[in-house]
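Below is one structure, written out as structure tokens; comments come after it.
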Amino acid sequence: MTSFQAPKGTRDFYPLDAAKRRFITEAWRSASIRHAFEEVDGPIFEHLDLYTVKSGEGIVSELFSFRRDGGEKDYALRPEFTPTLARLFAAKAGSLPKPTRWFTAGPFFRAEKPQRGRLREFLQWNCDVLGDPSPAADAEIIATCVSLLASLGLTKNDVRVKVNHRAALAAWLESRGVPAATHGDLLKLLDAKGKMPPEEFAHKIAAFGFSPQQAEVFQKGVIRVTVPASVDPTSAAIDPLAPPTIDSSAHDVIDLTYFSDAVLPLAKELVAAGIIDWVDFDLSIVRGLAYYTGMVFEVHEAGGNDRAIAGGGRYDNLVEMFGGPSTPAVGFGMGDVVLALVLQDRKLMPSDQDVLRRVGATPDVFVVPGPAPEAEALVKPLTARLRALGLHARYSSKTTRNIGKLLKDASDSLARRAIILEGRDAASVKDLVSGQQIGPMPLDAAIALAAQR
RNA sequence: GUGGCCAUAGCUCAGUUGGUUAGAGCACGAGGUUGUGAUCCUCGGGGUCGCGGGUUCGAGUCCCGUUGGCCACCCCA
């Protein structure tokens with residue numbers, strides 16, 4: 001006898017796990033649809049070239065790639081959606097509405113060593129706006145992400161959206177005399193600043209011409225954009241028409257002219273979208289990926305140094321890189337693994353029973369035979385009638401006629417109601433939530449009652 | 001890729017300095033009693049101790065390897 005284990009970094013989904021997975025993916029879907037995105041999908045595996053074109057051959061060791069026995073083409077399980085998205089868009093760009101708003105949610109694969117918040121097979125949600133260069137599209141992407149987080153019960157105190165602007169940062173650096181060739185090194189240093197003591201960071205960034213005071217602004221990272229409070233003092237809402245301004249204390253230390261040219265229009269859109277108070281502008285958010293060209297953002301658990309819950313930004317050159325027409329684009333991705341960790345952390349993952357209810361896995365009605373001798377034989381025909389009406393109907397697999405045990409079965413199944421068969425044409429209906437029981441009554445009346453929403 | 005900790009029933013665990021047919025609780029299944037989510041009673045299925053070697057008269061226990069898990073580093077599209 002050989003026994004098998006699931007491959008490293010994969011998960012098995014037993015019924016409750018599958019229900020939890022649906023809970024998350026359904027939340028993703030409804031947030032996307034609320035924000036006017038349309039669902040698309042592609043193959044789970046693609047030609048290997050699709051990934052090496054953008055990221056170079058080095059990426060191959062991070063992929064699950066394979067060649068069919070006897071075949072000549074190399075394939076890879078998809079590690080991300082963006083190349084597929086660009087391919088789909090490029091193939092039909094001429095006939096697509098502008099802007100194009102697409103989302104997808106499905107499995108992705110990376111050949112990394114598993115650890116907290118990271119598996120080899122995971123689910124990822126992607127939203128992208130193609131063909132809209134405006135800060136409004138940037139804001140809409142962030143707003144969709146925030147909408148999902150809020151729908152799961154997270155608040156602006158649980159999670160923070162950290163936003164930066166690549167192009168503005170680059171222009172500003174250049175205006176300070178930091179040569180473009182060294183920007184990459186500086187971004188890397190900014191990305192790694194959390195992993196070194198402040199003195200070391202200040203020392204290293206001094207090489208790029210920054211004073212210790214300026215290093216501190218980077219170290220703290222956050223620059224708040226303040227907006228005037230609503231005119232109506234009883235409302236906590238921010239006046240959507242008031243112009244936002246950048247925190248002046250940072251302004252005194254670092255000349256933020258270039259930064260503010262890019263940020264204020266975005267901030268204005270974030271105000272309009274009603275999410276400015278979820279957002280911090282953070283000079284140290286750069287994202288690892290080289291292809292971002294403008295706004296970049298990450299969502300982090302407040303006070304936690306966990307992995308990013310979500311991340312994305314603007315990538316205006318990418319579609320062209322995949323052979324499509326030059327198209328401005330902005331998007332983000334969110335994985336299910338870190339999201340689930342954060343929900344558990346914040347005690348926002350619903351109970352097992354609530355998950356089953358919310359994904360619609362619980363029975364509408366449970367059929368129980370009463371003591372009448374013919375009742376047992378009538379259970380299956382009645383169940384069939386209820387199912388034909390579109391109801392989720394079950395009966396016990398137990399052979400006992402003990403009503404208490406059968407009702408326990410009904411209760412364990414989380415059914416809303418039980419029908420107790422009293423005879424050929426008589427039944428009682430018990431509401432398993434309230435405990436109220438009505439009947440006996442004619443069978444048709446019981447069926448009608450059980451079918452009520 | 002590097003390192004640390006871990007692996008006994010579906011779950012949580014116990015298992016003496018190596019010593020008979022490896023245990024408990026919960027869960028699960030069958031039946032009985034009482035017409036209502038119970039109570040009580042009886043019975044039952046389940047583990048080649050992750051896997052493979054080694055040491056030993058004898059290994060769940062000691063050693064080596066391997067697979068998987070957790071955690072950190074690297075990386076993170």
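Chain identifiers are assigned alphabetically (A, B, ...) following the order of the sequence lines, protein sequences preceding nucleic acid strands; residue numbering begins at 1 within each chain. Please read all numbers here as calculations on a predicted model, not as lab measurements.
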Classify the side chain of [X] and the base of [N] as holding, or not holding, a donor-acceptor pair under 3.5 Å.
X: A:K398; N: B:G29; value: no
X: A:N402; N: B:U33; value: yes
X: A:E422; N: B:G35; value: yes

Kindly confirm or rule out a cation-pi arrangement of A:R87 over A:F322, judged by NZ or CZ under 6.0 Å from the six-membered ring centre and within 45° of its axis?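 The answer is no; the distance or angle limit is not met.
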In dot-bracket notation, what is the pairing pattern of RNA chain B, taking Watson-Crick (N1-N3 plus N6-O4 or O6-N4) and G-U wobble (N1-O2 and O6-N3) contacts under 3.5 Å, with [ ] crossing and | for other strands? (((((((..((((.....[...)))).(((((.......))))).....(((((..]....))))))))))))....
The side chain of A:L63 lies closest to which of these nucleotides: B:A77, B:G35, B:C70?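 Of the candidates, B:A77 comes closest.
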The side chain of A:K8 lies closest to which of these nucleotides: B:G68, B:G37, B:A77?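 Looking only at heavy atoms from C-beta outward on A:K8, the closest nucleotide is B:G68.
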At under 4.0 Å between heavy atoms, what does A:D412 touch on the DNA or RNA strands: base, sugar-phosphate, or nothing?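 Since no nucleic acid heavy atom lies under 4.0 Å of A:D412, the category is nothing.
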NA contact type, A:L406, heavy-atom cut-off 4.0 Å: base, sugar-phosphate, or nothing? nothing
Between N or O atoms, less than 3.5 Å apart, protein on one side and nucleotides 1-11 of chain B on the other: list the pairs.
unit_1, atom_1, unit_2, atom_2, d
B:U2, O4, A:K113, NZ, 2.8
B:G3, O6, A:K113, NZ, 3.3

Pair A:R357 + A:D354: basic N to acidic O under 4.0 Å: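 A salt bridge links A:R357 with A:D354.
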Using a 3.5 Å cut-off and no angle test, enumerate the donor-acceptor pairs between side-chain atoms of residues 367-375 of chain A and protein atoms at least two apart in sequence or in another chain.
none

Would you please test A:Y292 and A:N164 for side chain to side chain donor-acceptor pair (under 3.5 Å) and show each step? CA-CA 11 Å; A:Y292 288 114; A:N164 195 6; over 6 Å; no
Minimum side-chain heavy-atom gap A:Y291-A:T82 below 4.5 Å: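 A:Y291 reaches A:T82 side chain to side chain.
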